[in-house]
Protein chains: 2
Amino acid sequence: MSENVGRWLRDEIENAILSNEFSPGERLDEMVLANRFGVSRTPVREALMQLDAIGLIEIRPRRGAVVIDPGPHRVYEMFEVMAELEGLAGSLAARRLNDEAREAITAAHKRCELSAKAGDSDEYYYANEEFHKAIYAASRSEFLQEQCTQLHRRLRPYRRLQLRVRNRLSTSFSEHCAIVDAIFAGNGDEARRLLRAHVGIQGERFSDLVASMATR
Amino acid sequence: MSENVGRWLRDEIENAILSNEFSPGERLDEMVLANRFGVSRTPVREALMQLDAIGLIEIRPRRGAVVIDPGPHRVYEMFEVMAELEGLAGSLAARRLNDEAREAITAAHKRCELSAKAGDSDEYYYANEEFHKAIYAASRSEFLQEQCTQLHRRLRPYRRLQLRVRNRLSTSFSEHCAIVDAIFAGNGDEARRLLRAHVGIQGERFSDLVASMATR
DNA sequence: AATGCCATTCTTGTATACACGATGCTTGAC
DNA sequence: GTCAAGCATCGTGTATACAAGAATGGCATT
């Protein structure tokens, strides 16, 4: 546990929300949370204020906190922004690539290949996360990296759902291949274009998303 | 004042930071703030936790809160991301433009023109803000709009400094003209390209930024 | 029987009290 | 004279107490 309870609680509750333990729309009672974690209301409130500031929950004055339900359209908008930021990260990565970043990307890409060929969608999920994070890091823009990581976290549950769709695994991996080629070739524009397409949700993938969101 | 003191304080302190009343690196004492605003430490702490979550201040455990000093390089990175998001907003605006948005952009553009011709850099600053916000709104992506607005707020002090540079006013305005043309023509790619260039800090503008940051 | 109003109760918002850790100053020893 | 160690003081971290507003249930009235 982190050194102060407030921060620890923030992470704990954030994880609970992102792993869907607290469903969208659910009310978060301060006393219930306090009892559950064995602390007083004060650090719980501090954690909730932070989650409110981040945008994960909404605190309505005198009426308590509820988990925000983004809704399909808003999730789509979030993917749209994510695609743009990843595109930028890719383009910067292509320009600023160094040995360390190249190795990190190669390693993550290899891991994706193995799990994709094994058809292990859970393992691919983690490998995919590592792959994208390697690209963020390769951009060598700390701020961009933070923004990407944060958005990535918030979109986690939906990404996971998407991987379940048809043969998304092999499609995703072949897109990764092209992205790696573009970055390693120093072709920033191409990397940007490919990443935007890879991350964004166009056409039928939006209805896939809506369908998978409905069945939770 | 907002209905709960915590949120009010958050906005209050946030404004104080963004208007440079609290300088980067400055320590924010909880009791001092509590006395200044005539409240107890509790809501002050809640406000600080939120600002920490947003990234405006840093709370080091048991050592208090300090205003984050982004430093020139990080500010550059923030402008880089801002440019990308504004580019996306512009491209969406070009595709999704409706009458309402067109009028809002036209009005803000007109206001920019007047203040630019008058050489009133303060007035241009506000008109410029309205212009960019009109474009965010025209993108009709709530999430993107929020992200843009938030980043815009954080970059406020630096934007203001930039306008003081040489004949940035007229340069900025002529860029606006091209942007408006592209959006109204429905040319998303061009709007994106122009906005990226308009917002980003290339070449000498970075050293201008560094110079202006040094002299505060 | 249904609806509206009032009271009770529950939960949030704020203040205060207490505890623990960090920082800085003073004193003593080398 | 300088450096280190210990103590004191200040400030943060957490708990608890108290106040105020919202929700809910019951009672009365139509």
Side-chain angles (χ1 to χ4, degrees), chain A residues 1-18 20-70 150, chain B residues 1-18 20-70 150:
Chain A
M1 125 163 64
S2 180
E3 21 212 328
N4 62 356
V5 182
R7 206 159 295 191
W8 169 63
L9 276 177
R10 169 171 63 83
D11 295 341
E12 209 67 25
I13 299 174
E14 182 178 357
N15 284 332
I17 293 174
L18 291 178
N20 225 7
E21 189 178 340
F22 298 133
S23 327
E26 185 172 339
R27 170 104 176 270
L28 297 177
D29 187 289
E30 295 178 355
M31 270 309 285
V32 171
L33 290 171
N35 289 330
R36 165 169 173 171
F37 293 107
V39 296
S40 84
R41 277 179 51 222
T42 308
V44 171
R45 282 184 60 77
E46 291 184 342
L48 292 179
M49 304 298 299
Q50 292 186 69
L51 293 175
D52 178 74
I54 294 174
L56 265 177
I57 67 174
E58 184 190 356
I59 298 181
R60 298 161 306 177
R62 297 230 170 243
R63 297 185 56 200
V66 293
V67 179
I68 283 190
D69 181 6
Q150 197 178 323
Chain B
M1 115 161 76
S2 180
E3 18 211 331
N4 61 358
V5 182
R7 206 160 295 191
W8 168 64
L9 277 176
R10 170 171 61 84
D11 296 341
E12 211 65 26
I13 299 174
E14 182 178 354
N15 284 333
I17 292 173
L18 291 178
N20 226 6
E21 187 178 340
F22 298 133
S23 329
E26 184 172 342
R27 172 102 177 270
L28 298 177
D29 188 292
E30 296 178 355
M31 269 311 284
V32 172
L33 289 171
N35 289 330
R36 164 167 174 174
F37 293 106
V39 296
S40 84
R41 277 179 52 220
T42 308
V44 171
R45 282 183 62 77
E46 292 184 342
L48 292 179
M49 303 299 297
Q50 292 185 71
L51 294 174
D52 177 74
I54 293 174
L56 266 176
I57 67 174
E58 183 190 355
I59 297 181
R60 299 162 305 176
R62 296 229 168 248
R63 297 184 56 201
V66 293
V67 180
I68 282 191
D69 181 7
Q150 197 178 323

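In this structure, Leu9(B) and Glu46(B) have side chains that are not in contact, with every pair of non-hydrogen atoms separated by 4.5 Å or more. Contact annotation: the side chain of Leu33(B) approaches that of Leu48(B) to within less than 4.5 Å [non-hydrogen atoms, C-beta and beyond].
Look at CG on Leu33(B): it is 12 Å from P on dG11(D), rounded to the nearest Å. Taking atom CZ of Phe37(A) as the reference point, atom P of dG13(D) lies 20 Å away to the nearest angstrom.
Of all heavy-atom pairs between Leu51(A) and Glu14(A), the closest is CD2-CB, 3.9 Å.
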Within the 4.0 Å limit for protein heavy atoms, which parts of nucleotides 9-16 of chain C are touched? Write it as a string from 5' to 3', B for base, S for sugar-phosphate only, - for none. --SBBBBB

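Remark: Asp52(A) CG to Arg60(A) CZ distance equals 11.5 Å, nearest 0.5 Å.
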Kindly indicate, with the supporting measurements, whether the criterion side chain to side chain contact (heavy atoms under 4.5 Å, CB included) is fulfilled by Leu18(A) and Leu56(A). CA-CA 9 Å; Leu18(A) 291 178; Leu56(A) 265 177; 4.1 Å; yes

